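Keep in mind the model is a prediction, meaning the values are calculated, not measured. Positions are given from 1 along the sequence.
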Amino acid sequence: MSYKMIAVGDNVCDCYLDDGVYYPGGNAVNVAVNCKKTGLDEVAYIGMFGNDKKAEHLKWALTQEGVTYDHSRTMYAISGSPGVRLVDGDRKFVGGPRNTAQHIARIRLTPEDLAYIESFGLCHTSCFSSIEYELPAMAKICKISFDFSERKDPEYLERVCPHLTYAFFSGSDMTEEEIVALMNQCHALGTKVVGVTRGSKGSMFSEEGKIYRQGIKKVEAIDTMGAGDSFIAGFLTSQIQGKDMVESLDFAATVAAKSCMVHGAFGYPHPLED
């Protein structure tokens, strides 16, 4: 059996302003790369690339990792380039240009794109990918995984959750009662599996109302960039391979921990000035 997935959405270069380098990144890219790293046979990515040197570096890094991007688009614009600084020992985003390929264009999926996506069985995307209006069509052809990050407003949940199999949230500041309420809200809207990552407190997940808790795996971390995306990738890889929730969450925590031992979301630094 061939295990595979596709990610559709954002790509950026995370610009480490204090270090003078940038790294390939973006939620959809990070999840795709880490799914390939963690054992899937075939992984693809569809996104909107700019036409600058950062875009070329992004494509090169995807090629090194064995992630194909043949159905992606390129437009005459700069790549998404969020600034990152070290604040109190942790990486923090500090803004970036707003006239990037990620900001000024959205992907419109063609029938050919949808047929291609269908062949993978599972598609991951996110609130950063401007793909919400395509979700109804996508949900008819494959399972959808969606990263909400910290977005939890009811109107957005009502728009997105009915089309999802997997929903992921960042909620380090949430109480367990708030997390359970959010999970129940998503389940009521049709989402099967809901997970909330909580930083050093681990994560809480619910599969159709059954609650699971997963602690972190301690390592000598050098960079937490993309750890949440790595967690998602580890979890999805295990789920695609038919593992149960307990196995999937344990593997996800291991993958997230290992990612904290690499600079950038998955390496490949490039000088900022070039």
Quiz item: Between D147, N30, N27, which is the residue that forms a side-chain hydrogen bond (donor to acceptor under 3.5 Å, both in side chains) with H124?
Solution: N27
Quiz item: Salt bridge between K36 and D41, side-chain N to carboxylate O under 4.0 Å?
Solution: no
Exercise. Quick one: do Y16 and Y23 satisfy ring pair (Phe, Tyr, Trp, His ring centres under 6.0 Å)? Show the steps, please.
Key: CA-CA 8 Å; Y16 283 39; Y23 295 87; 4.8 Å; yes
Quiz item: Which distance, rounded to the nearest 0.5 Å, do you find between the SG of C123 and the CD1 of I141?
Solution: 8.0 Å
Self-check item: Matching residue for D250 among K217, K243, R213 - test: salt bridge (Lys or Arg N to Asp or Glu O under 4.0 Å)
Solution: K217
Practice problem: Could you tell me whether K201 and E176 have a side-chain N and a carboxylate O separated by less than 4.0 Å? | Solution: no
Residues 193-200 side chain polar contacts: donor-acceptor under 3.5 Å, at least two apart:
| residue | atom | partner | partner atom | Å |
| --- | --- | --- | --- | --- |
| T197 | OG1 | F169 | O | 3.3 |
| R198 | NH2 | M174 | O | 3.3 |

Quiz item: Which word best sums up how the rings of F205 and F235 line up, parallel for under 30°, tilted for 30 to 60°, or perpendicular for over 60°?
Solution: tilted
Exercise. Would you tell me whether S238 and E247 have side-chain atoms, one donor and one acceptor, within less than 3.5 Å of each other?
Key: no
Quiz item: Do Y45 and H71 make the cut of ring centroids closer than 6.0 angstrom?
Solution: no
Exercise. Would you confirm whether D10, through its side chain, and A28, through its main-chain N or O, come within 3.5 Å as a donor-acceptor pair?
Key: yes
Quiz item: Distance from D52 atom CG to S81 atom OG, nearest 0.5 Å?
Solution: 6.5 Å
Exercise. Indicate whether any N or O donor in one side chain lies under 3.5 Å from an N or O acceptor in the other, for Y3 and E42.
Key: no
Exercise. Answer yes or no: is there a donor N or O on one side and an acceptor on the other, between the side chain of S129 and the main chain of T125, under 3.5 Å?
Key: no
Quiz prompt | More than 12 heavy atoms of other groups within 6.0 Å of E178 CD | solution = yes
Quiz item: How many angstroms lie between NE2 in H163 and CD in E134, if you round to the nearest 0.5 Å?
Solution: 11.5 Å
Practice problem: Scan residues 152-170 for pairs that pass salt bridge (charged side-chain N to carboxylate O under 4.0 Å, His left out), counting only residues two or more places apart or in two chains. | Solution: R151-D153
Quiz item: What are the two closest non-hydrogen atoms of T100 and A77, and how far apart are they?
Solution: C-CB, 4.3 Å
Practice problem: Any salt bridge (charged side-chain N to carboxylate O under 4.0 Å, His left out) involving residues 229-242? Give me the pairs, sequence neighbours left out, ordered by first then second residue. | Solution: none
Quiz item: Can any side-chain N or O of T191 pair as donor or acceptor with the backbone N or O of H187 at less than 3.5 Å?
Solution: no
Exercise. Tell me whether the centres of the aromatic rings in Y69 and F49 are closer together than 6.0 Å.
Key: yes
Quiz item: Do S230 side-chain atoms and A256 backbone N/O form a donor-acceptor pair below 3.5 Å?
Solution: no
Practice problem: For the pair S206 (side chain) and G209 (backbone), establish whether a donor and an acceptor sit closer than 3.5 Å, ignoring hydrogens and angles. | Solution: yes
Quiz prompt | Ring geometry between Y268 and H57 (parallel below 30°, tilted from 30 to 60°, perpendicular above 60°) | solution = perpendicular
